[in-house]
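A short write-up of the structure that comes next.
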Amino acid sequence: MKKYYLEDVAEIVSGATPLTKEKKYYEGGTISWITPRDLSGYNHKYIYKGQRNITEEGYESCAACKIPRGAILFSSRAPIGYVAVAGTELCTNQGFKSFVCNEELIYNHYLYYYLLFHKKKFEALGNGSTFKEISRKTIGKYEIELPSVEEQKSRVEELVKFDEKYEHNSRMLNSMKSLLEMLYIQCFENSNIKYERKRLADVVEIITGGTPSTKNENYWNNGVYDWYTPSDVAANENIVSFSANKRISVLGLANSGAKLIPKNSIIMTSRATIGECIINLSEATTNQGMLSLIPDRKNVNSLQLFFWITRHKSLVKSISNGSTFKEVYKKDIEQLKIEVNMEVLAKFMEKAEPAWDYYISILQENFLIEELRKKMMNFLFL
């Protein structure tokens, strides 16, 4: 094992932002441009593009640098510690310090897992009053102890394999989601089928959420109920969710506007970000930025309702109100109408059930991979 400064084993590259008022710097852009927001809730190892691209003119207008495929992206502010591997040549905004590894001294995958595991250590190195930031100088002088490159590769070999399996499964999940959506379209957007259009209020129970006092630790310590917020749902690219980032206690549930929602309901964002939804696979609660829809399972079920919301997101957004931020209210969404045909619903589930079961099994495997990865990193880096 030998000690190095990070700046001795990798070129550290900062990013930049073209002037946002100049449309020509963004419209029609083909250069992938990543911001920390693109990594919020991002569960994949590789990143290929962000929410926005920039044009060649935009790139030339600022101090952004193109970094090669395989470079390690590390968010250095707002927040500190998001990590990803560049899946293609790309650039970033100023919220990153990216590492182009010297292959003779450090294996890029080893650095990826090291940064991921030591996130809190790097967060502690941040400075600033408005928001914490870790400077290029500070991160460059961070001391890291490294075995030989061959030993680094050997140590993280199983982690790399796990992540390859995770990415393969993720592609399968996207394919199965598309298949299920196609079955939904065939069954519920078919001009040859007669439907009864019913108000959501007649086939769904809609529940609002609430937040226990954050000052009372008894409402949060030893939490037993998953407590979903809009960020939990907006960051989830899957149809279902096993758990939320936070849990509340029995006391927290009893002393707030939060309500218990049965499993296999729909949890939907109703303010700021509107119309993002998931199916909860365990009993849960939400904050006030959510609406939960409990289908009667006779006229509609959760899978039909999920695709109805995702395919009618613009309709859901259109009934929002508010001056500070837009919000969809329970009384308004209750009046929206959904296509109902119980025979068609039965046929839909008959066709969808094998794909649905396979979807859940793949998702469970990915959940296990995430847990195993955490344990392996503990073993390697503690």
Side-chain angles (χ1 to χ4, degrees), residues 1 4-7 9-13 15 34-48 50 67-88 90 92 95-103 105-126 132-134 136 138-140 142-147 149 151-170 231-232 235-237 243 245 366-382:
M1 298 284 278
Y4 298 89
Y5 291 127
L6 276 178
E7 65 184 12
V9 297
E11 179 188 358
I12 302 173
V13 181
I34 312 298
T35 72
R37 184 179 179 183
D38 292 316
L39 293 183
S40 176
Y42 192 75
N43 294 321
H44 301 283
K45 184 176 186 177
Y46 295 93
I47 190 162
Y48 298 86
I67 57 174
R69 179 179 181 273
I72 308 301
L73 279 65
F74 179 83
S75 67
S76 53
R77 70 182 196 189
I80 295 170
Y82 288 155
V83 189
V85 180
T88 187
L90 49 77
T92 75
F96 285 94
K97 301 292 182 289
S98 299
F99 300 92
V100 181
C101 296
N102 180 337
E103 296 178 357
L105 296 174
I106 190 165
Y107 182 42
N108 64 334
H109 293 279
Y110 186 89
L111 180 58
Y112 167 80
Y113 294 117
Y114 183 93
L115 294 172
L116 202 63
F117 181 79
H118 289 291
K119 178 181 178 180
K120 291 191 180 299
K121 187 182 288 187
F122 285 100
E123 285 176 342
L125 295 174
K132 296 291 184 181
E133 180 173 8
I134 184 167
R136 188 194 181 286
T138 299
I139 204 166
Y142 179 89
E143 200 168 55
I144 183 171
E145 196 171 26
L146 295 173
V149 172
E151 178 65 19
Q152 293 173 42
K153 289 180 178 179
S154 176
R155 289 188 181 192
V156 300
E157 182 180 8
E158 291 303 315
L159 282 168
V160 171
K161 288 179 180 178
F162 273 136
D163 277 329
E164 287 174 353
K165 178 61 175 172
Y166 185 95
E167 293 302 324
H168 170 76
N169 284 353
S170 296
S231 60
D232 288 315
N236 192 326
E237 61 190 22
S243 62
N245 286 322
N366 267 6
F367 181 79
L368 288 174
I369 288 172
E370 288 179 328
E371 294 301 306
L372 284 169
R373 185 173 70 166
K374 290 175 186 175
K375 290 180 179 179
M376 288 185 71
M377 286 196 295
N378 278 335
F379 176 77
L380 286 172
F381 298 119
L382 262 183

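Computation of the quantities below employed the complete heavy-atom set of this structure, encompassing side-chain atoms and omitting hydrogens, waters and symmetry-equivalent molecules. These figures come from a predicted structure and were not determined experimentally.
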Inset, instruction - Look at the side chain of E7 and the backbone N and O of R136, then say whether any donor-acceptor pair between them is shorter than 3.5 Å. - result: no
Legend entry - Y42 ring center within less than 6.0 Å of H44 ring center: yes
Legend entry - Pairwise distance CZ(F367) to CD(E370) - rounded to 0.5 angstrom: 7.5 Å
Inset, instruction - Please report the shortest heavy-atom distance between Y48 and G87, naming the atom on each side. - result: CE2-O, 3.3 Å
Donor-acceptor pairs under 3.5 angstrom involving side-chain atoms of residues 371-382: please list them, not counting sequence neighbours.
| from | atom 1 | to | atom 2 | distance (Å) |
| --- | --- | --- | --- | --- |
| R373 | NH1 | D163 | OD1 | 3.1 |
| N378 | ND2 | K374 | O | 3.4 |

Inset, instruction - Taking all heavy atoms of Y112 and all of V83, pick out the closest pair and write down the distance. - result: CD1-CG1, 3.5 Å
Legend entry - Flag side-chain contact, heavy atom, 4.5 Å: Y110 against C101: no
Legend entry - Residue list, side chain to side chain contact (heavy atoms under 4.5 Å, CB included) with Y142, at least two apart or on another chain: L6, Y114, K121, F122, L125, I144
Inset, instruction - Indicate yes or no: at least one non-hydrogen side-chain atom of L90 is less than 4.5 angstrom from one of L73. - result: yes
Legend entry - Side-chain heavy atoms of L115 within contact of F99, under 4.5 Å: yes
Legend entry - Rounded distance [0.5 Å steps], CE in M1 versus CG in L146: 7.0 Å
Legend entry - Heavy-atom pair of closest approach, residues A78 and P36: O-CB, 3.8 Å
Legend entry - Note, F74 side chain near L111 side chain (heavy atom, < 4.5 Å): no
Inset, instruction - Report yes if some heavy atom in the side chain of V85 is under 4.5 Å from a heavy atom in the side chain of I72; otherwise report no. - result: yes
Legend entry - Spacing of CD belonging to E151 relative to OH belonging to Y107, to within rounding of 0.5 Å: 13.0 Å
Legend entry - Heavy-atom pair with the smallest gap, counting every atom of S76 and K97: OG-NZ, 3.3 Å
Inset, instruction - Please say whether more than 12 non-hydrogen atoms of neighbouring residues, nucleotides or ligands are located less than 6.0 Å from CD in E103. - result: no
Legend entry - Contacts of type side-chain hydrogen bond (donor to acceptor under 3.5 Å, both in side chains), residue E158, not counting sequence neighbours: none
Inset, instruction - Hey, could you give me the OH/CG distance between Y166 and N43, rounded to the nearest 0.5 Å? - result: 4.5 Å
Legend entry - Option among K45, K153, E157, R155 that satisfies the side chain to side chain contact (heavy atoms under 4.5 Å, CB included) test with H109: K45
Legend entry - Interatomic distance, E143 atom CD to Y5 atom OH [nearest 0.5 angstrom]: 5.5 Å
Inset, instruction - For the pair Y113 (side chain) and L159 (backbone), establish whether a donor and an acceptor sit closer than 3.5 Å, ignoring hydrogens and angles. - result: yes
Legend entry - R37, CZ: over 12 other non-hydrogen atoms inside 6.0 angstrom: no
Inset, instruction - Please answer whether the main-chain N or O of G81 pairs with a side-chain N or O of S75 as donor and acceptor at a distance below 3.5 Å. - result: yes
Inset, instruction - Kindly give the heavy-atom pair with the smallest separation between I369 and N169, and that separation in Å. - result: CD1-ND2, 4.1 Å
Legend entry - Heavy-atom closest pair, residues G140 and I12: CA-CD1, 3.5 Å
